[in-house]
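The next block holds one structure in the form of structure tokens; read it before the comments.
Heavy atoms only: backbone and side chains are in, while hydrogens, waters and symmetry mates are out. Naming: A, B, ... by sequence-line order, numbering from 1 per chain. Not measured: the values here are computed from a predicted model.
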Amino acid sequence: MFPIVAHNELAPKVHRMSVKAPLVAQKCKPGQFVILIIDEEGERVPFTVSGWDAETGTVDFVYIEVGKTTNQLGTLKAGDHLAHFVGPLGKPSEVDHYGHVAAVASGYGVAAIVPILKGLKEKENRITTVLQAPDRERCFGQSELERVSDRLILAIGAIGENMSTSATQPVRKLLANLAQSPVDRVILMGSLCLMRVISEMTRPYDIKTMVHLTPLMVDGTGMCGACRLSVKGTNKFACVHGPEFDGHEVDGWEVLMARRCSYADESIFQQGFQCRGCSQW
Amino acid sequence: MSEEKGPTSAHGTAGGKKSKLNLNRLEMPKQTPEERKRNFEEVATGYTFEMAIEEAGRCIQCKKRNCRQGCPVNIDIPDFIKHLQGGDVEGASRVLKRKTSLPGICGRVCPQEMQCEKTCILNKKGAPIAIGRLERYIADWERQEGATTIPEIAPSTGKHVAVVGTGPSGLTVAADLALLGHQVTMFEALHVAGGVLMYGIPEFRLPKEIVQREVRYVKSLGVEILLDTVIGINYSLDELLNTKYHAVYLATGAGLPMFLRVPGENLNMIYSANEFLTRTNLMKAYLYPKYATPIKMGKRVAVIGGGNVAMDSARCAIRLGAQEVYVIYRRTRSEMPARLEEVENAEEEGIRFHFLCNPTSFISDGRSNVAAMELIRMELGEPDASGRRRPVSITGSEYIMEVDTVVVSLGTSPNPLIASTTPDLKTSKWGTVIVNEQGKTSKARVWAGGDIVSGGATVISAMGEGRIAAMAMHQHLAE
Ligand SMILES: Cc1cc2nc3c(=O)[nH]c(=O)nc-3n(C[C@H](O)[C@H](O)[C@H](O)COP(=O)(O)OP(=O)(O)OC[C@H]3O[C@@H](n4cnc5c(N)ncnc54)[C@H](O)[C@@H]3O)c2cc1C
Ligand SMILES: Cc1cc2nc3c(=O)[nH]c(=O)nc-3n(C[C@H](O)[C@H](O)[C@H](O)COP(=O)(O)OP(=O)(O)OC[C@H]3O[C@@H](n4cnc5c(N)ncnc54)[C@H](O)[C@@H]3O)c2cc1C
Ligand code: SF4
Ligand code: SF4
Ligand code: FES
């Protein structure tokens, strides 16, 4: 059993949970994920680590309530226990000295990208980050991102206050300004659609663009093949070869999106949700 | 219907005239196909005491003991049957336990028709003793009686052993070494112990309670089982060897699914058998929403492959509510690697077999879900290395079949996680770990067995290899 040591709401339906799991905390690297099961009847669900402390043996992640398991997580309190917690799974993100890195984060990516940016900062990269959120109320994690970025651009749904509505706008500006301020690498952690669109935007400039893909997973250790996707024409498993991939090499985004939504109608609790063949975040 | 000279053809007293042999091989009572298609309860309900005695009574206790040679762990078959003939189930159980710690499992899932029952002398008359069913009876009897006798455990040797993987091979090694006085810790990546017995083989063929009972038994011997712990991630193999463990047994199985590599194979609603079976069996999707994991099932399901895994997938699909289930196999019925009994069960349950055809591509419904597949007809050519006739495609014979769900069941290979994090562990080009006859790997103090070595075999062979390696490990630890 894995005790929950802290549980806070960051924004409506967005929570940070901190779990005591020393074995996981000891080995965590930026960009990796854990799989947890709430109780013996529970589903195995993956979450990207947003922080860890090897000394206290705790691991944090930020989650959004979207369905059965995440809603149930929302009802748990510090002191409650999770039945299972395994990780760190997946390959760590590539972290090296690149120069100027542009990062885009939305949804839980706002928190989960922080360890990666910290790693990039330690390697003395200059970091420009774009934070996308649907509105002010649902915007969280701003100060943390500020701390690990040289510059933070907000892309928040409500127009005004000098803010753009979608992360694509500031990214377009960055790309228009490449002559003055070259971008050496782009790193994306957000909804599938956003990552796909921005990958296409950077392709003509040949800027290496890393995406964090989250197809449905079951075991998370390379055994079931649920998370398979085509990368440069060959099959990769997101749980062992990813979740970070070169966005320009990913083929078959449509399938990825369709697969993700295949359970939406069964288990989703969101009222009026309709799968439109694309991700909801 | 069976193509082999099965029990039915030898029925009656016809053979009785020539000899006193009783060729009336006793069937096990089963749920009717109509009933069992709608539930996940065990298909065969097992012998009663009277039936077990009657079937045991047919054994002529031959001197040559051919049957014993057919069993990969050389169970003293005539001896346990003799106890049964005298009504002494407990005595029979003791004989069984000398060679197998998992009789309730082997009795259910061993391919007996290829092993002990094949070499039974009565097989010449087409009616071998139902050895597997008798083993199952004995194990179930013991379970109902409650008390499992725990054999005496040797005094502690103070040596620590790590066993990686909790499938049948790992469980066997853990039990054997614990009985010899070693302190055993097992590591399991999943949240449940049992390996394929839990995540692959369905409840209706092997009730999970029986597997968990064996796991509890192994624990009762003092074995510690650490779930949710992945070797290669949480600890590397070298970390195990450099800490308190004097020896390591690798039994991580062959869990990496293979795919056809044809266009469209990643479309939505195309599952690997591993995902399909794991959702269904390990995560209990058939009890959704009591269990939180769903499984999405269409109406027309194609299962690609001809092995046990394909049979299990097809039979799960029918139980999950599919209207039509097709098994697509590129050779013919007689080349199918699946157990005959399971093929017959599948046929009775209405699963339709399409032989001599193979998918060449999958076709989308326009929204990235599979809507159909293109197949090509095959014919059998020259025998290949395995001795089976090689299937060759017939040019221009392509045709389309409408399906909305596909389960790809082509087999598996070892997960590369441990090999890739242990450079000095020798593996073959198929990714299997290379060992000597004792199960010793190229790496000091490391043994291996089961599917990670064979690439995929049977429960009983995984156990047998474990048994041999356990003895070798014990010798090493005693030095
Ligand atoms: C590697 C990886 C890392 C992830 N990291 C995080 C994270 O840090 N924080 C976070 O909030 N979520 C993360 N997710 C997504 C998270 O796993 C899902 O939100 C969760 O499984 C939904 O479970 P549920 O039972 O609440 O929802 P369900 O009732 O099962 O589904 C609700 C909706 O969520 C979608 N969904 C279900 N499973 C996934 C999935 N695996 N990935 C994406 N969407 C899914 C469904 O299609 C559906 O639309 C990650 C997923 C992966 C694969
Ligand atoms: C669907 C299906 C049906 C079958 N039907 C039959 C049948 O009817 N009769 C028969 O005799 N055989 C059958 N088999 C084959 C049989 O189940 C296997 O040969 C046998 O289970 C192999 O045992 P094992 O101990 O080597 O490995 P497994 O049973 O595969 O167990 C390996 C265990 O190791 C764990 N593991 C893997 N990697 C790691 C790691 N890095 N760290 C920690 N743990 C890890 C896995 O999670 C798993 O629990 C079937 C197989 C399948 C898939
Ligand atoms: S273990 Fe399997 S092969 Fe051996 S006697 Fe029992 S059923 Fe037959
Ligand atoms: S070969 Fe058959 S008949 Fe002879 S002892 Fe073995 S089980 Fe009995
Ligand atoms: S989640 Fe099963 S292989 Fe990746």
Side-chain angles (χ1 to χ4, degrees), chain A residues 2 21 23-24 26-27 32 34-45 67-69 72 83-90 215-230 234-235 237 240 251-263 265-267 275-277, chain B residues 188-192 199-200 226-230 232-236 239 252-259 261 264-279 282-285 287-296 364-370 408 412 415-417 420:
Chain A
F2 299 84
L23 209 55
V24 182
Q26 261 157 39
K27 302 266 164 135
Q32 288 186 301
V34 295
I35 283 188
L36 64 81
I37 309 178
I38 296 181
D39 54 35
E40 294 309 327
E41 279 96 46
E43 186 171 8
R44 294 176 68 94
V45 287
K68 188 170 165 120
T69 301
Q72 197 185 340
H84 300 278
F85 197 84
V86 59
L89 302 171
L216 290 184
M217 293 187 177
V218 182
D219 63 304
T221 64
M223 182 268 271
C224 75
C227 66
R228 69 189 189 278
L229 65 131
S230 171
T234 57
N235 249 353
F237 288 0
V240 288
D251 329 313
W253 288 89
E254 285 89 2
V255 179
L256 212 55
M257 292 174 165
R259 180 105 38 90
R260 250 259 297 261
C261 282
S262 63
Y263 286 97
D265 52 346
E266 314 267 304
S267 51
C275 177
R276 284 176 230 92
Chain B
E188 171 55 53
L190 291 172
H191 59 285
V192 179
Y199 79 72
L226 298 180
L227 303 171
D228 304 312
T229 313
V230 193
I233 291 180
N234 297 114
Y235 303 103
S236 70
E239 276 175 292
T252 49
L256 187 70
M258 298 201 260
F259 288 94
R261 304 186 189 201
E265 199 174 15
N266 286 349
L267 285 172
N268 205 22
M269 296 306 285
I270 301 183
Y271 294 95
S272 80
N274 270 8
E275 178 188 354
F276 188 74
L277 291 172
T278 302
R279 279 184 185 273
L282 182 71
M283 305 312 296
K284 300 207 189 315
L287 297 176
Y288 181 84
K290 181 180 187 313
Y291 284 77
T293 307
I295 189 156
K296 193 135 178 186
S364 165
D365 67 350
R367 298 193 62 212
S368 296
N369 301 301
V370 67
V408 181
T412 51
N415 188 321
L417 189 57
S420 67

Toward chain B, the part of [X] with a non-hydrogen atom under 4.5 Å:
X	result
Phe85(A)	backbone
Asn235(A)	side chain
Leu23(A)	both
Ile35(A)	neither

Answer yes or no: is there a side-chain heavy-atom contact under 4.5 Å between [X] and [Y]?
X	Y	value
Lys68(A)	Pro289(B)	yes
Arg44(A)	Leu190(B)	yes
Val86(A)	His191(B)	no
Asp219(A)	Tyr199(B)	no

Region of [X] that comes under 4.5 Å of a non-hydrogen atom in chain A:
X	answer
Ile270(B)	both
Leu417(B)	neither
Tyr235(B)	both
Asn234(B)	both
Lys290(B)	both

(request) Mind ranking Thr412(B), Leu277(B), Thr293(B) by heavy-atom pairs under 4.5 Å with chain A and telling me who comes out on top? (result) Thr293(B)

(request) Sort out for me which of Val408(B), Val230(B), Asn266(B), Asn274(B) touches chain A most, counting heavy-atom pairs under 4.5 Å. (result) Asn266(B)

Looking only at heavy atoms, what is the nearest atom pair of [X] and [Y], with distance?
X	Y	value
Gly225(A)	Pro257(B)	N-CG, 4.1 Å
His84(A)	Asp228(B)	ND1-OD2, 2.6 Å
Pro294(B)	Glu43(A)	CD-OE2, 3.7 Å
Arg228(A)	Glu265(B)	NH2-O, 2.8 Å

(request) Identify which of Pro88(A), Ala83(A), Ala21(A) forms the greatest number of heavy-atom pairs closer than 4.5 Å to chain B. (result) Pro88(A)

(request) State the NZ-CG distance between Lys296(B) and Leu216(A), to the nearest 0.5 angstrom. (result) 10.5 Å

(message) Taking Val218(A)'s backbone N and O only, do any of them form a donor-acceptor pair with Arg279(B)'s side chain (distance below 3.5 Å, no angle check)?
(response) no

